[in-house]
Amino acid sequence: MIKNNKHLKVLLLILMSTTLSACATINQPINANSSGFWDGIILYNLSRLIIAISNLFAGNYAIGIIIFTVILHILLLPLNQMQMKSQQKMMEIQPELDAIKAKYPNRDRQSMELLQTEQQALLDEKGVNQFAGCLPLLIQLPILTALYQAILRTEVLRQGHFLWMNLGQRDPYFVLPLLAAGLAFWTTYLTTKANPQNNPMARSMTYFMPIMIFIISMSLPSAVALYLVVSNLVRLISILLFNNPYKIIEERKAEAAAKKAKEKELRKALKKAQKNRS
């Protein structure tokens, strides 16, 4: 169960790539005549919201997308905080999870059931939800799909420009995909830096996720790549502000030093008591 959860984010990224690729075949324009829940309610109103925000900035659709992304992440901040806290708790109890795993070296059905039962009991005791880290991805996947289609199927957004790019077409110089991948690497690196153990899976994800994001965003319209850049930038800032790994490491060191000093004082007191008895 724990192991399967580690691969869930990778599967979600692959699902995102497949979903966006499938959406590329949809070219029916989104307008006031669009019908159905997805086209008439979700995509049309998302398109109107981005255009309305853009009109506040002289019709600059790139700024509209940036502002929309920032607002979206502010709304998702409580959920992202829950994700970060859950990941941090998972890192802290990983040695205990590994100790439980070492108790069951066999891979028969009974051993695996006992292993999962003990690990889940520990997670419940520590208040850790192992699936909380996947919630933001599950929420962002339909949002990203909707944004992709809204841009692709809204004529005015497809004709927008930002610096050297046409928002409806991919970045010809791959600057945005590189930025999105670089920021994804930095956020993943900071997320795993405070891990008290050397985790090969976390280390591989530090490189795998940015590569996936780069490959995916290479073929996306510049507007969607811009969304990915801003999303990762906002996430990076939130990590540095609310879950700074350097601060966590310093606090852990201070806690370990205080514990060590307390144990030293107890040993001194015990020696003194034994000396007084003699």
Side-chain angles (χ1 to χ4, degrees), residues 13-14 16-31 42-74 76 136-137 140-190 206-240:
L13 284 172
I14 295 173
M16 180 186 297
S17 177
T18 305
T19 303
L20 293 177
S21 299
C23 290
T25 59
I26 303 174
N27 53 19
Q28 184 178 356
I30 291 294
N31 51 47
I42 301 297
L43 296 188
Y44 177 60
N45 285 295
L46 177 59
S47 173
R48 289 177 62 194
L49 176 59
I50 297 174
I51 292 172
I53 295 173
S54 302
N55 288 338
L56 298 176
F57 299 90
N60 190 317
Y61 299 113
I63 294 180
I65 292 170
I66 292 172
I67 298 299
F68 167 81
T69 305
V70 172
I71 293 173
L72 174 65
H73 278 272
I74 290 174
L76 290 176
L137 273 179
Q140 287 192 55
L141 179 59
I143 292 173
L144 186 58
T145 303
L147 179 62
Y148 178 87
Q149 288 199 31
I151 293 166
L152 200 66
R153 299 167 63 186
T154 304
E155 190 66 27
V156 67
L157 294 181
R158 291 180 62 184
Q159 294 175 351
H161 287 81
F162 177 62
L163 300 177
W164 63 89
M165 295 165 288
N166 184 319
L167 292 179
Q169 299 176 4
R170 67 180 186 178
D171 182 350
Y173 304 115
F174 305 118
V175 174
L176 290 181
L178 284 171
L179 283 174
L183 289 168
F185 171 81
W186 200 358
T187 55
T188 308
Y189 171 77
L190 290 177
T206 302
Y207 298 96
F208 181 78
M209 287 187 68
I211 291 172
M212 283 292 297
I213 288 176
F214 177 73
I215 293 173
I216 292 171
S217 56
M218 278 178 61
S219 59
L220 296 177
S222 296
V224 183
L226 179 63
Y227 166 84
L228 290 174
V229 170
V230 178
S231 293
N232 282 297
L233 180 59
V234 173
R235 186 163 179 260
L236 174 63
I237 293 172
S238 67
I239 289 173
L240 292 173

* Could I get the full list of ring-ring contact (aromatic ring centres under 6.0 Å, His included) partners for F185, not counting sequence neighbours? => Y207
* **Flag side-chain contact, heavy atom, 4.5 Å: I65 against F162** => no
* **Distance (rounded to the nearest 0.5 Å) between L46 CG and I51 CD1** => 9.5 Å
* Asked: Heavy-atom count around Y189 OH within 6.0 Å, excluding the residue itself: above 12?
  -> no
* Asked: What side-chain hydrogen bond (donor to acceptor under 3.5 Å, both in side chains) pairs are there with at least one residue in residues 42-67, not counting sequence neighbours?
  -> S47-T154
* Partners passing side-chain contact (heavy atoms from CB on, under 4.5 Å) against L190 (at least two apart in sequence or in another chain) -> W186, L236, I239, L240, P245, Y246
* Pairs involving residues 170-180, ordered by first then second residue, that meet side-chain hydrogen bond (donor to acceptor under 3.5 Å, both in side chains) (sequence neighbours left out) -> W164-D171
* Apply the test side chain to side chain contact (heavy atoms under 4.5 Å, CB included) to residues L220 and Y227: give CA-CA distance (whole Å), side-chain angles for both, the deciding distance (0.1 Å), then the verdict. => CA-CA 11 Å; L220 296 177; Y227 166 84; over 6 Å; no
* Less than 4.5 Å apart, any side-chain heavy atom of M165 and any of P172? -> yes
* Indicate the atoms forming the closest heavy-atom contact of L43 with R153, along with that distance. => CD1-NH1, 3.4 Å
* Asked: Can you name the nearest heavy-atom pair linking T69 to S231, along with the distance?
  -> CG2-OG, 3.4 Å
* Asked: Can you tell me how far the CD1 atom of I213 sits from the OG1 atom of T187, to the nearest 0.5 Å?
  -> 7.0 Å
* Asked: What residues, two or more places apart in sequence or in another chain, satisfy side-chain contact (heavy atoms from CB on, under 4.5 Å) together with L233?
  -> L183, I237
* Asked: Given side chains that start at C-beta, do those of F208 and T188 come closer than 4.5 Å, heavy atoms only?
  -> no
* To do: For L56, check side-chain contact (heavy atoms from CB on, under 4.5 Å) against everything at least two apart and list the hits.
  => none
* To do: Output all residues satisfying side-chain contact (heavy atoms from CB on, under 4.5 Å) with L179, sequence neighbours left out; order by chain, then residue number.
  => V175, L176, V229
